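Residue numbers begin at 1 in each chain, while the letters A, B, ... track the order of the sequences. Since this is a predicted model, take the numbers as computed values, not measurements. Only this structure's heavy atoms are used, side chains among them; waters, hydrogens and symmetry mates stay out.
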Amino acid sequence: MDEALLERLTPSQRRAVCHRKGPLLVLAGPGSGKTRVITHRIAALIESGVRPGNICAITFTNKAAEEMRQRAAALGASGGAHISTFHSLCVRILRRYAVAVGIGPNFSVYDESDQMRCLKEALHDCDIDTTSLPPGRVLEAISTLKSKLIDAEAFKLQAEDFFTRTLAKVYARYQKILTEHNGLDFDDLLMKAALLVENDTTVRQELSDRFQYLLIDEYQDTNHAQYRLAKAMASSHRNICATGDPDQSIYRWRGADIRNILAFEKDWPDAVIIKLEENFRSTAAILEAADKLIACNRHRKQKNLVPVRTQEGRFSVDGYEDEAREADAVAQRVQELLAQGVSGRDIAVFYRINAMSRALEEAFIRRRVAYQVVRGVEFYNRKEIRDLLAYLKVLANPADDVALQRIINAPARGIGKVTLDKIADHASRSGLTLFAAVRSANEVPGLTGGVKEKLAEFVKMMTSFAGQIEGNVAPLAERVFRETGLESSLRGSGPEGQTAVENVEELISTAAAYDKQADNPALVDYLQQIALFSDADAYDAVSGQVALMTLHAAKGLEFEHAFIIGLETGLLPHERANNNQEELEEERRLFFVGVTRAKTNLYVSYARYRAFRGQLLRTIPSQFLYELGSQFVREVPESDEVPLQCRLDAAPRPQPAPVVTTRPAPFHPGELVRHKTFGVGRVKKFVDMGGNSVIVISFNNGQTKSLLLQYAELTKV
DNA sequence: TCGAATTCCGTTTTT
DNA sequence: CGGAATTCGA
């Protein structure tokens, strides 16, 4: 396919991809070989004499970076080019220029739960009641601000009303706590790096000398911080190449700004733009449906999906009675495919939310089909893994109080909450880090001799590890696991302790792999790298197992056979994305991404009943089903044991007239209506689907509900 | 101080 | 319904 791709480019396009100096934008649909364009460009640049070290390619996930390295190597561009995610790049920049940023180079990268601890401390310090300000919302707000490069000081200046002033206070305090712990959250990595590169001429010059060619994949999902960083990095040499597809932007909720890619031409007026509309991946039926679906988005530039493959494919939409039957049908179909000799690595099942993997897993286990849930963070979220990593974090960064609090009494060594409170109190009064306060336990008032002894023992143990933080990580990890008593406490706690030990052993072997691969293995570097590992990175196609993953994790992947389950109102589109047109369109893009992952066969399904918080609830088929094509407009039987099937490859049948007992007059957004249990509300949206029309109403009691018009019994007010 | 019991809490998506 | 956080009793 690589050759096919290059051959299909016009000579001028090929020249641009291979030799262009100056800005270049590749706008391309799914399956068009966007990522391969980048790989080719890397190889071509190196071939024409550019030093590999002068090339910097940025991918969306670590997994994608790994794949790109391999592809580049296969094209003869072995080693040297810097290929990583934005976050990894920022870690490198910040470590190198730590002094200029005013942080320690051994900073800890704080994940969501670490952030939460710091935020709760900040809220407490500011005397703010968490019922009035939910910590999750605050964290979200801070994250949004950081991704817009608004730091605590800048936000304070623009805060006007009571709410924003309060938020500014918390933001500042939160930031102070992070600084004291020498910790950076994910957004800090981007914000601090971007501001540094923008404002420090020397740093910017050094960086653009080092990276004379910048290439960015999945540009449609960059946020403002990433955008500004990229712009600053390329400002002097202007060798910026971006690839992306606005129709595949699915991270708006995380700050991704689709305007970045739409405004590329304005930012770089001399940009050469290449459009790739041919799709090398999917069969025609799949592309036709994908095209109809995405055409429903109004805020979009028209783009064609031109199929190249001529092979017959299968595309079906099936309705099932409930989620268990849906899951079982998927597992059964997978079983059939495997029996036909299809490899498990060519099959994947996608869903909107992680919780939906459960029913699938049960069905796969029942049918003894090997599967892999692609959710790598789960591993790093396990208690035993977090505990061991917390020890290592304290060794690498003694100021990391969050990590220290986690491990000072794990396993239990008689240093409980009361003791810790006394030490923390002493620490904050005398301006010490927690670890420093533990070290000087003798000065902490109110501690008994026994406790002091235990603390001294702890300090002694940690000090003995400290000599080993340079060099290979695995031996240190192993030693810490053994000598802290973590291992024996796990071994002594039954069979689940045994699996915990195995998990830790797996962690140690990944550390060993790191030691082997790194030029200069060091604990700090290892910790900062694994902090950025994610869901999709853990996916191992080589294992031959069927992959189960969220639609978000499916980004950038492709499979011979793909299943998408749960096409129900409230799930896809998700109910929390029902506030405005923009969010609905993002849900549609998400489904579009899922549909276009399939190479040959695509199976879409929904369940008529789905368990929600333990309760079986009736569902409403997703409007997206109808948008796939008119073939799917049909009524849904009340309770039908036989799965209803409707195939594109079946002979087209006359479109059934909607079966509706009483066809109510259509509703329009803005109208007032009355519901017999929810009362009066205003119509937010009306989706006309004949007998399955859906109405979204914002009721006066504050609730917003999606209802099947047929059953809603509404009267106009 | 620690484990067991109990409440309560909640369900997007992730670098 | 299931997991996490918190409280309770020893």
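If you walk DNA chain C from 5' to 3' and mark each nucleotide with an atom closer than 4.0 Å to a heavy atom of chain A, the marks span C:dC1 to C:dG3.
Using modelled atom types and a 3.5 Å distance limit, the side chains of A:Glu218 and A:Gln220 yield a donor-acceptor pair.
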Show me, pair by pair, the donor-acceptor contacts under 3.5 angstrom made by side chains of residues 408-415 of chain A, not counting sequence neighbours?
residue, atom, partner, partner atom, Å
A:Asn409, OD1, A:Arg413, N, 2.6
A:Asn409, OD1, A:Gly414, N, 3.3
A:Asn409, OD1, A:Ile415, N, 3.3
A:Asn409, ND2, A:Ile415, O, 3.3
A:Arg413, NH1, A:Tyr391, OH, 3.3
A:Arg413, NH1, A:Ile407, O, 3.0
A:Arg413, NH1, A:Ile408, O, 2.9
A:Arg413, NH2, A:Tyr391, OH, 2.8
A:Arg413, NH2, A:Thr484, O, 3.4

Result block: side-chain N/O donor-acceptor pairs under 3.5 angstrom for residues 358-365 of chain A, not counting sequence neighbours:
residue, atom, partner, partner atom, Å
A:Glu361, OE1, A:Tyr371, OH, 2.8
A:Glu361, OE2, A:Ser357, OG, 3.2

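When heavy atoms are screened at a 4.0 angstrom cut-off, A:Thr419 is found touching the sugar-phosphate backbone but no base atom. Among the atoms of the strands shown, none is found under 4.0 Å from any heavy atom of A:Phe86. Within 4.0 Å (heavy atoms only), A:Asn409 reaches sugar-phosphate atoms of the nucleic acid but no base atom.
Whole-Å rounding puts the A:Glu112 CD to B:dT13 P distance at 11 Å.
Residue A:Asn354 has no polar side-chain atom (N or O) positioned under 4.0 Å from OP1 or OP2 of B:dT11. Residue A:Thr61 has no polar side-chain atom (N or O) positioned under 4.0 Å from OP1 or OP2 of B:dT15.
With centres under 5.5 Å and a plane angle under 30°, the ring of A:Trp253 is stacked against the base of B:dT13.
Salt bridge present: A:Arg69 and A:Glu66 bring a charged side-chain N and a carboxylate O closer than 4.0 Å.
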Test side-chain contact (heavy atoms from CB on, under 4.5 Å) applied to A:Tyr227 and A:Asp257, step by step: CA-CA 9 Å; A:Tyr227 164 81; A:Asp257 194 338; over 6 Å; no
